[in-house]
Chemist: 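Please see the structure below; I have some questions.
Letters A, B, ... mirror the listed sequences (proteins, then strands); counts begin at 1.
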Protein chains: 2
Amino acid sequence: MRVAVVEDDLSIVNLLKRVLIKEGFSVREFSTAEKFLSAVFDYGEEFDVVILDVMLPGLNGVDACKFLRNRGSDVPVLMLTALSEEDDKVKGLDSGADDYLTKPFSIRELLARLRALLRRRGKVALNLETSGIVITDVGVLVDGKEVKLTGRERELLRVLLENRGKVVSKEELLQKVWKGEAVSKRVVDVHVKHLRDKIGDRIETVWGVGYRLVEGAPE
Amino acid sequence: MRVAVVEDDLSIVNLLKRVLIKEGFSVREFSTAEKFLSAVFDYGEEFDVVILDVMLPGLNGVDACKFLRNRGSDVPVLMLTALSEEDDKVKGLDSGADDYLTKPFSIRELLARLRALLRRRGKVALNLETSGIVITDVGVLVDGKEVKLTGRERELLRVLLENRGKVVSKEELLQKVWKGEAVSKRVVDVHVKHLRDKIGDRIETVWGVGYRLVEGAPE
DNA sequence: TAACATCTTAACAGTTCCTTAAGGTTTTTG
DNA sequence: CAAAAACCTTAAGGAACTGTTAAGATGTTA
């Protein structure tokens, strides 16, 4: 699950990062709405949910959300603000946000609302920590140790991680990692091999179907 | 964190510089309010916080602060003065200053107030010393030794330093250092090379993405 | 103007990454 | 069991990216 945190207050960013990463999200942070929108529309980055501060330098969260919706994005947006006035709540939701949280907020409530948002969209927020693997924008941690992965390897791992415990077919991997490029099916094998070399034997082969990332410790 | 020190008393300037640099601030000093305002509005320099003396030759601190606010700047201002009368305190805060300190002041109190100001703005004062690199307006210190950098090199280093430990994409570097000028992507590589030659191998290449300034000692 | 510093581009060299291909191994099927 | 199918492993070639150097452009200073 990829979550974008659009927030300029470093102390909040760091708090969110710590909590969300522990919960198994891939966290990508942006200090301004402009940077976030550029990542989405200029570079085509995709997120499963967005935590968006209202008070931002430059473009504010409400307008950023409107922009998102105008451009057709339906990614769930959780709005954050220091203002608790009803007026702002209305503005926020009017702009297309899905939920709203006023600062200061409790971590428990934030997580609860995030999960609610994802559930509503048919997504399930899982704690990836059980696999011992954490992906952030800074790097990839396996059992607490940083591992250097290439672009393809990282994407491959991300897809497997999102479906850990479940078999992912080669077709699905090709579609999600290689985005329909015309490549041989065998590239998957090769990259799985490389991944195995780097992260250890956590990828199981399901004969005739695809691959599955084994779960680590039980919940 | 960039701090502007606007003060004509050299002994105070030197004291502040020594302390602030040790705390990890990039310090820029101005002996008059005019010079400071010119840097801000004519040259577009940006600061995270301003330490502004009230008694200055020419334009005084109170008026300089008013000027700042009138022009729409909301940078945190910590006012310094030798006068302890309530009257001056009121004038200072009326002018738009965020806090106020009378000379003589204790270093500890100054730092506490600075941190409070930055925290209020959602910024966190970090000690850049952990990277072994300190940037001031006089020069750049690497492991205590002064290094001569050119303009581009210094800006490049500053952006990397602000994001140390994190990958900064080439696009972001081009945007922040070259402000959207139409230059080839490769200029970044060349300047990184020059920086490496001058400050040693502290810049890591992240293939296909950008560069990262490695962190020195842990926090 | 001459000497100097800085910045950008271009060219070539070096590196990393991705894909394909080929031969070997394991699993399934007849 | 033997053949077929799927997968593993390795290595080579090429594509994409970065490193390095030098020359020209531009601006600055003596």
Chemist: Compare side-chain N and O positions of K193(B) against OP1 and OP2 of dT18(D) and report whether any pair is under 4.0 Å apart.
Modeler: no
Chemist: Within less than 4.0 Å of OP1 or OP2 of dA6(D), is there a side-chain N or O belonging to Y211(A)?
Modeler: no
Chemist: How long is the line joining CD of E181(A) and C1' of dT19(C), in whole Å?
Modeler: 11 Å
Chemist: Starting from C1' on dT16(C), measure out to CZ on R154(A) and report it in whole angstrom.
Modeler: 14 Å
Chemist: For V187(A), report the nucleic acid contact type (base, sugar-phosphate, nothing); a contact means any heavy atom under 4.0 Å.
Modeler: base
Chemist: Just the rounded figure in Å: distance from C1' of dG19(D) to CG of D201(B).
Modeler: 12 Å
Chemist: In whole Å, I'd like the distance from the CD atom of E155(B) to the P atom of dC7(C).
Modeler: 11 Å
Chemist: On DNA chain D, does the nearest nucleotide to H194(A) precede the nearest nucleotide to G210(A) from the 5' side, or the other way round? Give the residue.
Modeler: G210(A)
Chemist: Do R152(B) and E155(B) sit within salt-bridge range, that is, some charged N less than 4.0 Å from a carboxylate O?
Modeler: no
Chemist: Under 4.0 Å between a side-chain N or O of T150(B) and OP1 or OP2 of dC7(C)?
Modeler: yes
Chemist: Going by an N to O cut-off under 4.0 Å, is there a salt bridge joining K193(A) and D197(A)?
Modeler: yes
Chemist: Would you classify V190(A) as touching base, sugar-phosphate or nothing, given that sugar-phosphate means primed atoms plus P, OP1 and OP2, and contacts are heavy atoms under 4.0 Å?
Modeler: base
Chemist: Is there a side-chain contact between L78(A) and L52(A), using heavy atoms and a 4.5 Å cut-off?
Modeler: no
Chemist: Rounded to the nearest angstrom, tell me the gap between atom CH2 in W207(A) and atom C1' in dT29(C).
Modeler: 9 Å
Chemist: Would you call the rings of F47(A) and F36(A) parallel, tilted or perpendicular, where under 30° means parallel and over 60° means perpendicular?
Modeler: tilted
Chemist: Taking OP1 and OP2 of dT18(D), is either one under 4.0 Å from a side-chain nitrogen or oxygen of K185(B)?
Modeler: no
Chemist: For K170(A), which contact category applies under a 4.0 Å heavy-atom criterion: base, sugar-phosphate, or nothing?
Modeler: sugar-phosphate
Chemist: Side-chain N or O of T205(B) versus OP1/OP2 of dC17(D): is the shortest distance under 4.0 Å?
Modeler: no
Chemist: Could you give the NE2-to-C1' distance, from H191(B) to dT18(D), as a whole number of Å?
Modeler: 16 Å
Chemist: Is R152(B) near enough to dT8(C) that one of its side-chain N or O atoms lies under 4.0 angstrom from OP1 or OP2?
Modeler: yes
Chemist: Under a 4.5 Å cut-off applied to non-hydrogen side-chain atoms, are I51(A) and V6(A) in contact?
Modeler: no
Chemist: Whole angstroms only, please: what is the CG-P distance between D189(A) and dA21(C)?
Modeler: 14 Å
Chemist: Below 4.0 angstrom from OP1 or OP2 of dC7(C), is there any side-chain N or O of W178(B)?
Modeler: no
Chemist: Is it the case that the base of dG19(D) and the side chain of R186(B) share a donor-acceptor contact (distance under 3.5 Å, atom types as modelled)?
Modeler: yes
Chemist: May I have the distance from L195(A) (atom CG) to dC17(C) (atom P), rounded to whole angstrom?
Modeler: 13 Å
